[in-house]
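Here the structure comes first, spelled out in structure tokens, and everything after it is commentary.
Each chain gets a letter, A, B and so on, in the order its sequence line appears, and its residues count up from 1.
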Amino acid sequence: MIRLPWLRILLFACLWWILAEGRVDGWLLGCLAVIAATWTSMVLHPPAAPRLHLGALPAFLVYFLINSVRGGGQVAFMALRGRRALQPVFLELPVNLPVGAPQVLLITVLSLMPGTVGVELADDRLRLHVLHQDLPVVAEAKALERHIAALFGVGI
Amino acid sequence: MTELIMPWISGALLIVGAFFYAAGTLGLLRFPDVYSRLHALAKADNLGLGFVLLGLALQAESVAAGLKLLLIWPLALAASAGVSYAIARRADRLGVKPWRKGSP
């Protein structure tokens, strides 16, 4: 007896429902798409891979939303002031998260957070371009690392 | 009541979104080097997109159509962050130095 990945099937079925804008007349094609998507996801990301802790997801999403609004607002007002608002520096930070998805998520989210864009990630060191040297980038990167660690259920 | 207020909220969100798009474009034009321009594109434009999509989703004809609009946001965010990283990394590899205060 094979255990079916019901959660994934449900997610992909919801996704199909959204993509079809709620129409149900294409359900045959939809079923095929859900089966294909579930199979692909099982191959690419087997259940044995590190599991996401869904309980930590809401806190992460709220943190992400607040910071992307802050980041967008900050850079928008810097753009209004022009280059005299800038004092850019390169910064190197040690990364304590495990290699793979957690590190990729870190550098992706950092590019959307206030003042930072990822430049290079190699050997557990992260090079960032920071818009202004007085921004509290180190503290914010540490906070983000803690959120991601909780999301993946890993210690840092 | 909802029908009365919704177009106004939606309109306000669209205007806020347009502001962030304009600011992002302004940053692209005014910022001095490739790295700072990436900040403007990756952050201001994405926030603008988020507000525009939220405003449009409120006007959508069905819940599914609204969610479909909102689904665009995470996809565009992931693409934009990935592309920013690729461009910044390549510029760094090519030896492009970041602009410092005082240089032209």
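Interface residue A:Met78: backbone and side-chain heavy atoms are both found under 4.5 Å from chain B. Residue contact with chain B, scored on non-hydrogen atoms closer than 4.5 Å, is absent for A:Leu105. A:Val89 touches chain B through its side chain: at least one heavy atom from C-beta onward sits under 4.5 Å away, while N, CA, C and O do not. For chain B, the nearby part of A:Arg81 is the backbone; its heavy atoms alone come within less than 4.5 Å.
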(request) Starting from the C-alpha separation in whole Å, work towards a yes-or-no answer on side-chain contact (heavy atoms from CB on, under 4.5 Å) for A:Val117 and B:Tyr35. (result) CA-CA 8 Å; A:Val117 159; B:Tyr35 304 106; over 6 Å; no
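Applying a 4.5 Å heavy-atom cutoff, the residues of residues 75-83 of chain B that approach chain A are B:Leu77, B:Ala81.
Scanning all heavy atoms of the two residues, the minimum distance from B:Phe19 to A:Ala76 falls at CE2-CB, 4.3 Å. B:Leu26 and A:Ala79 get closest at one heavy-atom pair: CD2-O, 3.7 Å. Across every non-hydrogen atom of B:Trp73 and A:Ser68, the tightest pair is CH2-OG, 4.2 Å. In plain terms, the two heavy atoms of B:Asp92 and A:Arg127 that are nearest each other are OD1-NH2, 2.8 Å. Closest of all the heavy-atom pairs between A:Pro88 and B:Trp99 is CG-O, 3.5 Å. Heavy atoms only, all atoms of each residue included: A:Glu120 and B:Arg93 are closest at OE2-NH2, 3.3 Å.
Of the residues considered (A:Gln87, A:Met113, A:His129, A:Arg84), A:His129 shows the highest number of contacts with chain B, using heavy-atom pairs under 4.5 Å. Contact count versus chain A (heavy atoms, under 4.5 Å) is highest, among B:Gly24, B:Ser36, B:Ala42, for B:Ser36.
Not one N or O on the side chain of B:Lys68 forms a donor-acceptor pair closer than 3.5 Å with the backbone of A:Ile18. Looking at B:Tyr85, its side chain does come within 3.5 Å of a backbone N or O of A:Leu121 through a donor-acceptor pair.
Within the model, atoms CG of A:Leu112 and NE2 of B:His39 stand 11.5 Å from one another, a figure rounded to the nearest 0.5 Å. Here the CZ atom belonging to A:Arg23 is positioned 11.0 Å from the OG atom belonging to B:Ser62, to the nearest 0.5 angstrom. The OG1 atom of A:Thr116 lies 5.0 Å from the NZ atom of B:Lys43; values are rounded to the nearest 0.5 Å. Taking NZ of B:Lys97 as the start and CZ of A:Phe90 as the end, the distance is 8.0 Å to the nearest 0.5 Å. One distance of note links SG of A:Cys14 with CG of B:Leu71; it measures 11.0 Å at 0.5 Å rounding. With values rounded to the nearest 0.5 angstrom, B:Asp33 atom CG is found 8.5 Å from A:Arg83 atom CZ.
Dense packing is recorded around CD of A:Glu92, with more than 12 heavy atoms of other residues, nucleotides or ligands lying under 6.0 Å away. Atom CG of A:Asp123 has 12 or fewer neighbouring heavy atoms from other residues, nucleotides or ligands inside a 6.0 Å radius. No more than 12 heavy atoms of other residues, nucleotides or ligands shown are found within 6.0 angstrom of CZ on B:Arg90.
Criterion: ILVMFWY side-chain heavy atoms under 4.5 Å apart, direct or through other members. Under it, A:Val104 and A:Leu144 are not part of a common hydrophobic cluster. In the hydrophobic clustering of ILVMFWY residues, with side-chain heavy atoms under 4.5 Å counting as a link, B:Leu38 and A:Val119 come out together. B:Tyr21 and B:Ile15 fall into different hydrophobic clusters, where Ile, Leu, Val, Met, Phe, Trp and Tyr side chains are chained together by heavy-atom contacts under 4.5 Å.
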